[in-house]
Each structure stands twice: as structure tokens, then as C-alpha cells.
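Presented below is the structure to which this report refers.
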4 protein chains.
Amino acid sequence: MLNRVVLIGRLTKDPELRYTQNGTAVATFTLAVNRPFTNQQGEQEADFINIVVWRKAAENVAQYLKKGSLSAVEGRLQTRTYENNEGRRIYVTEVVADNVRFLDGGKKAETKPDLEDPFAGEAEPVDVSEDDLPF
Amino acid sequence: MLNRVVLIGRLTKDPELRYTQNGTAVATFTLAVNRPFTNQQGEQEADFINIVVWRKAAENVAQYLKKGSLSAVEGRLQTRTYENNEGRRIYVTEVVADNVRFLDGGKKAETKPDLEDPFAGEAEPVDVSEDDLPF
Amino acid sequence: MLNRVVLIGRLTKDPELRYTQNGTAVATFTLAVNRPFTNQQGEQEADFINIVVWRKAAENVAQYLKKGSLSAVEGRLQTRTYENNEGRRIYVTEVVADNVRFLDGGKKAETKPDLEDPFAGEAEPVDVSEDDLPF
Amino acid sequence: MLNRVVLIGRLTKDPELRYTQNGTAVATFTLAVNRPFTNQQGEQEADFINIVVWRKAAENVAQYLKKGSLSAVEGRLQTRTYENNEGRRIYVTEVVADNVRFLDGGKKAETKPDLEDPFAGEAEPVDVSEDDLPF
DNA sequence: TTTT
DNA sequence: TTTT
């Protein structure tokens, strides 16, 4: 009914860029989002959120973001399950971004919202096997 | 740095209420959030998001929500990992709610924001084993 | 750079539906959003937020919402100024909705996200005089 | 019922810091949030959102932010009205921040969420005249 | 100009 | 393991 996520954090690694069989670009990365408090040992902790970005925005992400980049991500929470190679059911939760902002100086280009969701696209069916996603 | 989630959906089951060893209440439930589009077979799909609520809000949730209840949840995305009984590393993503609204008619009571995060509390350390959580 | 608003509240009146000179539908209404706390006199208070909705979503709003309806609104904050009939500069802040959910039972229809922003459209310039808006 | 705003933008001027009669700190500033599209003349446009921050966070804002600083603001939309000096009813919409992040390099300090809302405080009633606010 |  |  309503599903909105806003995050600011830093990439744990360079983004990975892939293409579906129809040539649709998909970028994935993990965002480390520091918690606003320290744990009981006084250590800083973070949540590690998997992000998926499609199409033009994916290519911008691959071009402008790298390990350590500060970024704002807006999107929706998505869950899916798949069987891994040992036949085990794996549950995945990730953020499908429709807006990614680059908050590090210098690189001026920003992704424009990529609002059509490729999973929903009838004209452009997404046929990457889910198992191909790096999460 | 910034981590905010807002969801509206329906409970897939009755919430589960537990207590930590210090007597802190924790409620957990799964929210089915319908996607704004149908899949390529024209079927309605949903994301199933695990929600954790602490303290007074947990008790309100247990009292006022049940399977099928329509609810709005505000909170932050949290990730954690644990070893399951077969020694396997399991990755969990869930929403720690600080505001839960009951959108079904009738039940007037609403949870007030429960803003102190119990994981951060030094006075009241949370010592439920994470493995006890039903996710 | 990033601009997101999520509200749940009740309409203070029936929505108003208008059309621009090119026939684009615009609905406006005010959402009363109760505050999560009472004031120092122990009274419930609310914020009254002006909402603007365009196109198909506008017509859905006009059809399905009325005074008192419970609704969730997602969108972006917009500011603009105009001179009123006495030559006075008036400052307006409103939410341009891209997603409106009907949370009252019965009416099943929901607005689908109306993601193209009409202010940005070159093909379909919006030429309602801003002074025509009821706020 | 639910009222959440997330913004990223730049300060149009240095923040203003004031104190209520009880000594509660209040900072105010305006955030220019660039729109994700250009207008029909191809010009970049922005929304100018008034922000109010209370207590410790207010002092952090005054210390660490200045004209042009990039900042993320989380909070709730608030509306209020007052009579101006000509006896005219003025309507104000602003964001009461509970989380302000400093996204410009260098300044490491970040405001911790200042979660008690001073308007709600019984122990520490806020008695600045609303007319004193710079908006 | 304000809703339940 | 999924809700209307």
C-alpha cells in the first residue's frame, strides 16, 4: 500500500553493474548506514543495506559511485526468496532505489529518478535469474 | 547517517509478544505490503517485511493488532546476522519501529512513539538471544 | 536534492477538482494530521497541510475522497509565492502528491502513482494561473 | 497520525539562534532544495523550506552549519497562524526537525536526534512568542 | 477556512 | 511461513 525508504550512508565496495538478457542495466551495492548511537561497548555500529538500481540510474551509479562514496538512496523495500545451490530457501530483503544522490564533492552528475520499475514492465521483461544478483 | 522507513500494510499473522530477561517487552510481526503494480502474470504481489517493536508500543501492538489488521509502521532498517543451529550464518533485515498506527476502525488506542532504542540503552541492556526472535 | 513527505490524516473538506487550460486535472484538499501529543492545555492539535494532486490521481481523489476521509499521502514539499489581489506577496507551502491511498473501508479503488510531474512536462505545459489554486 | 519529512539541500543563509524565556535554544534556517527537473525555460528551480530545530541540536546547527552548507533534515511538517503587525492572519508551514545531518566535509560533529518536542514539554514550556520566529 |  |  505504501512503501518508502530513505537512507544516507557509504558504499562498502564499488558498485557492480550487470545487464539482463534484454540489455537492461542493473547496479547493486551495499550501503553502510551508521546507527545514531553506539552499542553497549561504546562502538559505532552500522546497518548494511543492499541496494538495487535499474536502467540509466544504474549506469550513473557505476560511473560516479565507488567504495566509500557518500550517497542518499530513496526507494522501496523489496523481499524475495530463492533456492541456493544446496537447495536451501534464502530470504532476501533489499531496497529498490528510484533516486540515488551523490553527496561527495566533485562529481556533479546525479541520477534522475528512474521511475518505471523493470519488474513490472511488460514491454521489457526482466529475465536475469534472481540467483545472478550478488546478494 | 539517516535511515527512515514508512510502510502501510496488513499483518500476515497475529503479532508475537515476548519479554527479555529484564522484562522489556518485544513484539514482532510481518507486514504484507502490496506492490503498486502486478507482475507479468497480472497477479498482485506483496513484500513481506519483518517488524520489531519494543516496550509499551510492543504491548499495544499485541493488544490491538491481529492477523489482517491494516497498520502504518515508521522506523529504521536494521541488519544483523547470527549462526543458526546448523552453524549457518543467517542474514536478517528488519524494521525497528518507533511508531505504529492502527488504521482499522474501532480500536481507538494508538501506540505512542517509543523513541528510546533498547539496543542503545545502558540502563536496560537487551539480553534476549537474537536467535529467539521468530525471524 | 531529496524531498520526500509522507502523511496520514483526514480531509478537512471535500476535495476540489479543476482543469488547466489544456485539460489537465488538478485536485486540491487539506489534510488534518493529528499531532502525536496534546498541547499544554491537554487538547488534541493538528497540522493542516495543503495537498495538490495532478492528472488521473486527481480524478480518483475527487471520486473517492470526501470530508473526513482517512488518507495516506506521499509526495514532495513545494513552495511558491504570488501577489494577491491587494498586491501582497503570499508564500505558499504545499505537498505535491505522487501517491494517494484511501484508508477508509469500502472504496477499493486506489490512485496509481502519477509519476510524471506536470510542472516539468514540456509537451503539456501547465497554465492554470497559480492564483486560481484555492490556497 | 503520521507526519514525516526528509530533505537534503543547502542553507540559504547562516542559521539564526535564539533562546526562549526559559532558556531553550531554537535555531531556524531555510533550506533550498533543488527540484529534480528544470522548468519550462530550462532553469534549475528550488523549494525553500523553513526549518526549526530545538535544544542541543539547535546549538549544533548554529555551530556547524552556515550559508551554503549541505544538510539532510528529518522531521515533521507543522502549520501555525499568527496575526502580523497589520492585524493580518499569516499562515506558516515549516519543518520541525528531529534530526539534522551535516553533509559537508570536515565538520565531524552531528546532531543527535532531539526527540522530545518542546511544544509538548510540560516541564519546560516554550514561551517564545511565535511572532519572534524569523519566518 | 479546518478532520475523527 | 505470508495479508485484503
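Within every chain, numbering begins at 1; the chains are lettered A, B, ... in the order of the sequence lines, protein sequences first and strands thereafter. Given the structure is predicted, the values throughout are model-derived calculations rather than measurements.
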TODO: Ignoring the backbone of C:T12, work out which of F:dT2, F:dT3, E:dT3 is nearest its side chain.
DONE: E:dT3
TODO: Go through the structure and list residues passing salt bridge (charged side-chain N to carboxylate O under 4.0 Å, His left out) with B:E59, not counting sequence neighbours.
DONE: none
TODO: Looking only at side-chain atoms of B:R10, point me to the closest of F:dT2, F:dT4, E:dT2.
DONE: F:dT4
Task: Between F:dT4 (C1') and B:L103 (CG): distance, integer Å - done: 13 Å
Open item on the list: Side-chain N or O of D:Y91 versus OP1/OP2 of E:dT1: is the shortest distance under 4.0 Å?
Closed with: yes
Open item on the list: Among residues at least two apart in sequence or on other chains, which ones pass salt bridge (charged side-chain N to carboxylate O under 4.0 Å, His left out) with B:E43?
Closed with: none
Task: Minimum-distance nucleotide (side-chain atoms of D:R89 versus F:dT1, E:dT1, F:dT3) - done: E:dT1
Task: Length of the CG-C1' vector between C:D104 and E:dT4, whole Å - done: 10 Å
Task: Distance, rounded to the nearest Å, where B:D14 contributes CG and F:dT3 contributes C1' - done: 12 Å
Open item on the list: Whether A:D47 and A:R35 form a salt bridge (side-chain N of Lys/Arg under 4.0 Å from carboxylate O of Asp/Glu) is what I want to check.
Closed with: yes
TODO: Report the distance from atom CG of B:N34 to atom C1' of F:dT2, rounded to the nearest whole Å.
DONE: 11 Å
Open item on the list: Quick check for you: among E:dT3, E:dT2, F:dT2, whose closest atom lies nearest to any side-chain atom of C:K67?
Closed with: E:dT3
Open item on the list: Closest approach to the side chain of B:A32, judged atom by atom: which nucleotide of E:dT2, E:dT3, F:dT3 is it?
Closed with: F:dT3
Open item on the list: Check this for me, if you would: do B:R80 and A:E45 make a salt bridge, where the nitrogen-to-carboxylate-oxygen distance has to be below 4.0 angstrom?
Closed with: no
